[in-house]
Amino acid sequence: MSLIDINAEMDITKFYELASKDIGKLLASAGVNSAIIYNDSGKLVTFKVYNYIDTVHWIAAQSVKVANSYSGAVAASGAFFKIHPDGKADDEFLVAPNEAYIYRGPGKLERVEKK
């Protein structure tokens with residue numbers, strides 16, 4: 001299995017195809033228990049990542065800047081990770097490890113269905 005560079009610019013159609021047919025290629029370059037988020041919001045987004053059980057969000061487990069048309073790996077601990085796009089808790093969403101998502105802006109997240 002060849003690795004896919006998740007930090008390279010990628011057409012959304014290609015991302016969707018890879019994520020739905022062989023997410024292992026994307027995840028292999030991201031690391032164990034990571035989720036992949038493709039940014040299709042039209043702007044640079046910083047994803048602040050928190051552990052699912054965190055109730056106070058002072059220090060993120062991870063902070064990942066993702067340019068439009070790029071994807072990034074996010075990781076924390078737990079069955080889900082809390083994500084605050086651009087640090088905005090009001091726009092919080094959850095992602096699961098070993099899954100791929102397309103972020104189109106606040107309130108617009110799509111999980112890529114595996115085929």
List the steps, then state whether side-chain contact (heavy atoms from CB on, under 4.5 Å) holds for Val74 with Gln62. CA-CA 7 Å; Val74 296; Gln62 183 182 34; 3.9 Å; yes
Any donor-acceptor pair under 3.5 Å linking the side chain of Glu110 with the backbone of Ile102? no
Hey, what's the ring geometry for Tyr50 with His84, parallel, tilted or perpendicular (30° and 60° as the breaks)? tilted
Backbone N/O of Ser71 and side chain of Asn39: donor-acceptor pair under 3.5 Å: no
Is there a side-chain contact between Phe81 and Leu94 (heavy atoms, below 4.5 Å)? no
Worked verdict on Asp91 versus Lys48 for salt bridge (Lys or Arg N to Asp or Glu O under 4.0 Å): CA-CA 11 Å; Asp91 295 334; Lys48 299 284 188 172; over 6 Å; no
Under a 4.0 Å N-O cut-off, is there an ion pair linking Arg111 with Glu113? yes
Mind checking whether Tyr103 and Pro85 have side chains closer than 4.5 Å, heavy atoms only? yes
Is it the case that the side chain of Asp86 and the backbone of Thr46 share a donor-acceptor pair, with hydrogens and angles ignored and the cut-off at 3.5 Å? yes
Could you tell me which non-hydrogen atom of Gly42 sits nearest to which non-hydrogen atom of Asn68, and how far apart they are? N-OD1, 2.7 Å
Pair Phe80, Val95 - check side-chain contact (heavy atoms from CB on, under 4.5 Å), show working. CA-CA 5 Å; Phe80 294 96; Val95 297; over 6 Å; no
Any side-chain to backbone donor/acceptor pair from Asn51 onto Ser77? Under 3.5 Å, distance only. yes
Atom CG of Asp11 with >12 non-hydrogen neighbours under 6.0 angstrom: yes
Verdict with reasoning, Arg104 to Asp40, per side-chain contact (heavy atoms from CB on, under 4.5 Å): CA-CA 5 Å; Arg104 292 195 168 95; Asp40 191 38; 3.2 Å; yes
How long is the span from the CD1 atom in Ile83 to the CD atom in Glu92, to the nearest 0.5 Å? 9.0 Å
Might you point out which heavy atoms bring Gly78 and Pro97 nearest each other, and give the distance in Å? O-CG, 4.0 Å
Stepwise side-chain contact (heavy atoms from CB on, under 4.5 Å) test for Val112 and Phe15: CA-CA 9 Å; Val112 177; Phe15 176 83; 4.1 Å; yes
Kindly give the heavy-atom pair with the smallest separation between Ala96 and Ala35, and that separation in Å. O-CB, 3.4 Å
From Tyr38 atom OH to Ser69 atom OG, the distance as rounded to the nearest 0.5 Å: 4.0 Å
So, for Phe93 and Tyr101, is the gap between ring centers shorter than 6.0 Å? no
Would Leu44 and Val64 show up in the same hydrophobic cluster when neighbours are defined by side-chain heavy atoms closer than 4.5 Å? no
